[in-house]
Amino acid sequence: MIPELGTLALVIALLLASAQAFFGLVGAHRNKLSWMQAVTPAVAGVWVFVSFAFGILTYSFIVHDYSVGYVATNSNNELPLMYRVAAVWGAHEGSLLLWIEILATWALLVAAFSKSLPIAFRARVLGILGMVGVGFGSFTLLTSSPFTRLLPAAAEGADLNPILQDPALAIHPPMLYMGYVGTSVAFAFAVAAMLSGRIDPAWSRWTRPWTVAAWMCLTVGIALGSWWAYYELGWGGWWFWDPVENASFMPWLASTALIHSLAVTEKRGLFKNWTLLLAIFAFSLSLLGTFLVRSGVLVSVHAFASDPSRGMFILGLLLFFIVGSLTLYAIRAPSLKSDGGFELISRESFLLLNNALLVAAACLILVGTLWPLVMDAFNLGKISVGPPYFNMVFLVPTLPLLALVGIGMHAGWRRSALGGKRRTLALIAGGALLVSMVVTLVFYGGFGLPLTVVGFTGALFVMGSALIDPISRWRNKQGISRAALGMAVAHFGVGVFVIGISGVASYKIEKDVSMGPGDSAEIAGYRFNFIGTENVRGPNYDALEARVKITRAGTPVADLTTQKRKFKIQAMPMAHAGIAVAWNRDLFVALGDELGAGKWSMRLQYKPLVRYIWIGAVIVALGGLIATLDRRYRVPRTADALLPADAATDKVS
Amino acid sequence: MTPRRKRLFAIAGILAGVGLATAVALKAFDNNLQYFYDPSEVVAGKAPLDKSIRVGGMVTKGSVERKPGSLEVQFLITDFAQSVKISYTGVLPDLFREGQGIIAHGRLHDGVFVADEVLAKHDEKYMPPEVAKSLKKPVPPAPEGRT
C-alpha cells in the first residue's frame with residue numbers, strides 16, 4: 001500500500017507541475033493576475049508531493065520493503081542504515097526521483113526568494129521550471145518508476161553495488177544534481193527574458209546568484225566524484241576523461257563562462273545575446289549529460305543497464321528544450337541590442353576571451369565524448385578517444401586562460417590601463433617563475449614535464465594576483481564587497497587547483513610490485529614494508545587485510561592497511577586502498593591478487609600535491625558562496641527592482 | 001581605433017583561434033583514436049600490428065596462467081568463435097576473473113596482445129557493450145546461478 005502512495009504522490013506532483021507551467025506561461029502571456037498568482041501554490045505543492053514520494057522510497061529502503069523492485073535490487077538486510085538511505089539514489093529510477101526532487105527544491109527556492117521580481121517575469125520563470133518538471137516527471141512515471149512492485153516480494157535484497165557503499169559517494173550525486181539541475185534556473189531566467197523581450201542589468205542581477213549557486217554545487221559535486229574515484233576505485237587517478245565525467249564537466253565549463261558573461265551583461269549591458277546562448281548551452285549540456293548517463297549508450301563506470309525507450313524519451317526532451325529555446329532565441333535575438341562598446345584592453349575583452357576559451361574547451365571535449373557514438377551509429381568501427389586527446393584539447397585553451405585570469409582581474413571596465421598594478425603584476429609573475437623553478441629543482445630534482453614550470457608559475461601568478469585587491473583594501477582599511485572577495489577567493493582556488501594538477505601530473509610515481517610478507521619495495525625514497533595479512537570482518541563483507549609500514553631513510557612515516565573486500569551478497573571483490581596523507585604528498589597502497597608462492601600483487605603510488613586538486617576546487621566553490629551572498633543580490637522588496645543596477649554598488653567588483 | 005578596424009581585429013582573432021583549435025584538435029584526435037577489435041577480427045588479421053588498439057571478450061575458463069609469484073599473467077579472451085592470447089604485467093582489476101567480459105588496451109605483437117591496461121567494469125552484471133555485441137554466441141549461464 002505504501003509504495004502506491006508514492007506513485008500517487010508523483011502523479012499529483014506531475015499534475016501540479018503542469019498547472020505551474022500552464023498558469024505561469026499562459027497567465028503571463030494573457031496578463032491574468034489571478035493565474036500568475038496561482039503559480040506559487042503550485043510550486044509549493046509540487047515540492048510537497050515530490051518530497052513525499054521521495055520520503056516514501058526512503059522509508060521503503062529503511063524498512064527493507066523488498067516488494068518494491070527497486071529496493072530489492074539495491075538493498076539488503078545487512079546494508080548499514082546510512083547506505084540504505086543513500087541507496088535511494090544508487091541506481092537509475094531513484095536517481096531520477098532525486099533529479100525531480102532537486103528540481104522542485106530549486107523552483108521552491110526561486111519562488112521564495114523572488115517575490116520582488118515583476119510578477120509576469122516571475123511567473124514565466126516558474127512556468128519554464130514547471131515544464132522541465134513535467135518532462136522529467138512523466139519520464140520517471142512512464143519509463144522508470146521506482147515504486148514498481150516485485151511480486152512475490154523477494155526474501156532478501158540483492159544489495160547495493162559495493163563501490164557505492166562509501167560516504168563520499170552518498171553525497172556526490174545530490175551535490176552534482178544540485179548543480180546539474182540548477183542550470184535549469186539560469187535557463188528559465190533566459191527563456192523568460194526572451195519571452196518578455198527584456199534583458200537589462202536588473203535581469204542579470206537576478207540571474208547571477210542562482211547561476212553562481214548552481215555552479216558552486218556543480219563544482220563541489222564534480223570534486224567529490226573525483227575524490228571518490230581516487231581512493232575508492234583503487235586506481236589512484238583523479239580524473240579519467242570518462243564520458244560521464246565529461247558529461248558533468250561540460251556544463252561546468254559552460255556555467256563558468258555564463259557567470260563571467262553575466263557579469264558583463266550586468267555591469268555594461270553587453271554580450272546579451274551571448275549570455276542567453278550560454279544559459280541555453282549550459283542547460284542543454286546538462287540534459288545531454290542526463291541522456292548520456294541514463295540511456296546506457298556509453299561505455300562507462302556510470303552506465304546503468306540500457307533501455308532504448310528511456311534513451312529515446314530523454315533524447316525527445318533534449319530536442320524539445322534545445323530546439324524550442326533556440327527557435328525563441330532566433331526570433332528574439334535580433335531585437336536585443338547591446339549598447340556601448342569597449343576598448344581592446346578592457347575587462348570586457350578579457351571576459352570575452354575567457355568565454356571563448358571556456359566554450360572552445362567545452363566544444364572540443366564534446367566532440368571527443370560524442371565521436372565514438374557517431375562512429376558506432378554509422379558503423380564506422382568501434383573507437384574510443386584516449387585521455388591524451390582530452391588533456392591536449394583542455395590544456396591548449398586553459399593555459400592561456402590562466403595568464404588571462406591573473407591580468408584580467410585587474411582590468412577596468414570599458415577601457416583599461418592596468419596603471420599602477422602593471423608593476424605589481426610583473427613582480428608577481430617574476431616571483432612566481434622564480435619560485436616554481438627553485439621548487440621544482442630543489443624539491444623534485446628536475447623541471448619535470450615541459451609544462452611543469454609553466455603550470456606552477458601560472459598557478460602562483462593567479463594566486464598572487466587574486467590577493468592584490470583584498471590585501472591592498474585591508475591595508476587601506478577599506479571594505480571589500482562580497483562579490484569582489486568571492487571573485488578573489490575563487491580565482492585563488494583555481495591557482496591552488498592548478499598546483500595540485502601540476503604536481504601530480506609531473507612527479508607522480510606508480511609501481512605494481514609482487515611482494516610477500518617481509519618483502520619491501522621503494523618508490524620516491526619511501527620504503528613500503530609488507531608486514532603481513534589477516535582476515536577481518538565488515539558489516540556486510542569479509543576482507544583480507546594487508547599491513548604495510550612505510551619508512552623513509554629508516555624513520556617510520558606511516559602504518560597503512562589495505563583490504564581486499566569480498567561482499568557477501570554480490571560476491572564481488574573490491575580493493576580498499578590505504579592512503580597516508582601529508583601536506584605535500586599522498587602515499588597510496590592497494591592490495592591486488594594472490595600470485596602464488598606467498599606473494600601478492602600490490603600497487604604502490606606516490607602522489608605529490610594531489611590534495612590541492614580537491615582543496616582548490618573547494619576554495620573555488622567557497623568563492624562562489626561568498627559572491628552569492630553579496631548584498632546587491634538581496635533585491636529590495638519595492639519597485640526599485642525594476643530599475644537598472646544602481647550605480648552605488650557597482651564600483652567595487 | 002575605429003569600430004571597423006576593431007571589428008576586423010576581433011574577426012581575425014576569432015578566425016585564428018578557431019583555426020588553431022581545429023588544428024590542435026584534429027592532430028590530437030588522430031593520435032588518440034583507439035579502435036576496438038574482437039578476437040575473430042584479430043585472428044583474421046584485420047587488426048593492425050604494433051599500434052595501440054583495444055580488444056575485448058570473455059576470459060576463457062581455465063586459461064589464466066602465471067608463474068607463481070610473478071606479476072606477469074597470460075590468458076585467452078574469446079568471442080566464442082576465436083581466441084586471442086593476452087599478456088599483462090601488473091595488478092589486475094578487482095573484477096577480473098575467468099568467464100568475465102573484459103577490455104584490454106595495448107598492442108598486438110607476434111600474435112600476442114601485450115596489454116598495458118586491463119579493464120573489467122564495476123558491476124558483476126555488467127558487460128562492456130562492445131564485448132556483448134561481439135560475442136558470436138550467447139553467454140552460457142554460469143553454474144552458480146549468478147552471472
Side-chain angles (χ1 to χ4, degrees), chain A residues 161-163 233-235 296-301 303 305-306 341 343-344 349 352-353 356-357 360 363-364 367-368 371-372 375-376 381-393 396-397 512-514 516 564 570-575 590-593 595-599 601-603, chain B residues 1 3 5-7 9-10 13-14 17-18 20-25 27-38 52-54 56 66-73 88-97 103 105 117 119 121-126 128-134 144 146:
Chain A
N161 187 333
I163 55 165
L233 294 182
W235 302 329
V297 293
L298 287 178
V299 191
S300 153
V301 181
S306 75
E343 290 293 315
L344 205 58
S349 57
L352 184 64
L353 270 173
L357 292 170
C363 289
L364 290 169
V367 170
W371 198 247
M375 293 282 279
D376 197 28
K382 296 193 183 72
I383 55 149
S384 65
V385 179
Y389 165 79
F390 291 106
N391 287 336
M392 180 87 145
V393 301
V396 170
D512 287 355
V513 294
S514 157
K564 188 91 175 170
Q570 300 210 342
M572 173 169 159
M574 224 179 80
L591 181 63
D593 303 300
L595 302 176
K599 305 277 190 190
S601 65
M602 285 215 192
R603 177 164 292 179
Chain B
M1 227 189 300
R5 276 194 64 190
K6 212 189 290 176
R7 209 168 299 151
F9 262 101
I14 290 168
V18 170
L20 186 74
T22 318
V24 167
K27 183 98 180 68
F29 217 79
D30 224 31
N31 297 338
N32 290 296
L33 283 189
Q34 279 192 319
Y35 281 83
F36 175 88
Y37 296 92
D38 62 36
S52 177
I53 55 170
R54 297 180 305 144
R66 77 159 90 229
K67 261 189 253 135
S70 161
L71 273 180
E72 190 185 340
V73 61
Y88 174 71
T89 305
V91 176
L92 287 165
D94 293 334
L95 283 181
F96 177 90
R97 63 182 160 195
I103 286 185
H105 293 217
E117 195 176 8
L119 303 172
K121 288 296 178 173
H122 305 93
D123 182 335
E124 58 162 19
K125 290 168 246 171
Y126 180 86
E130 290 106 321
V131 175
K133 272 190 214 159
S134 72
E144 66 269 42
R146 287 186 72 96

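Only a predicted model underlies this, so the values are computations on that prediction, with no experimental measurement involved. Letters A, B, ... are given to chains in the order of the sequence lines, protein chains preceding strands, and every chain is numbered from 1.
The candidate with the highest count of non-hydrogen atom pairs below 4.5 Å against chain B, out of V513(A), V367(A), L353(A), V396(A), is V513(A). Most heavy-atom pairs under 4.5 Å with chain B, from the set P372(A), G386(A), G592(A), P388(A): that is P388(A).
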Output, in order, the C-alpha distance, side-chain angles, deciding distance and verdict of side-chain contact (heavy atoms from CB on, under 4.5 Å) for M602(A) and V91(B).
CA-CA 7 Å; M602(A) 285 215 192; V91(B) 176; 5.7 Å; no
Please evaluate residues F96(B) and D593(A) with respect to the criterion side-chain contact (heavy atoms from CB on, under 4.5 Å), reporting the C-alpha separation (whole Å), side-chain torsions for both, the decisive distance (0.1 Å), and the verdict.
CA-CA 10 Å; F96(B) 177 90; D593(A) 303 300; 6.0 Å; no
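Side-chain atoms of P573(A) and L95(B), non-hydrogen and from C-beta on, do get closer than 4.5 Å to each other. Counting heavy atoms from C-beta outward, F29(B) and V393(A) have side chains that stay 4.5 Å or more apart.
One distance of note links CD1 of I53(B) with OG of S384(A); it measures 11.0 Å at 0.5 Å rounding. To the nearest 0.5 Å, atoms CG (D512(A)) and OG1 (T89(B)) are separated by 9.0 Å. How far CZ of R54(B) is from CD1 of I383(A): 8.5 Å, rounded to the nearest 0.5 Å. In this structure, M375(A) CE and L33(B) CG are separated by 6.5 Å, a value rounded to the nearest 0.5 Å.
At least one donor-acceptor pair closer than 3.5 Å links the side chain of S514(A) to the backbone N or O of G69(B). The main-chain N or O of V385(A) is never found under 3.5 Å from a side-chain atom of N32(B) such that the two would form a donor-acceptor pair.
Ion pairing between K382(A) and D38(B) fails under the 4.0 Å rule for side-chain N and carboxylate O.
Contacts of S52(B) with chain A are absent, with no heavy-atom separation under 4.5 Å from either backbone or side chain.
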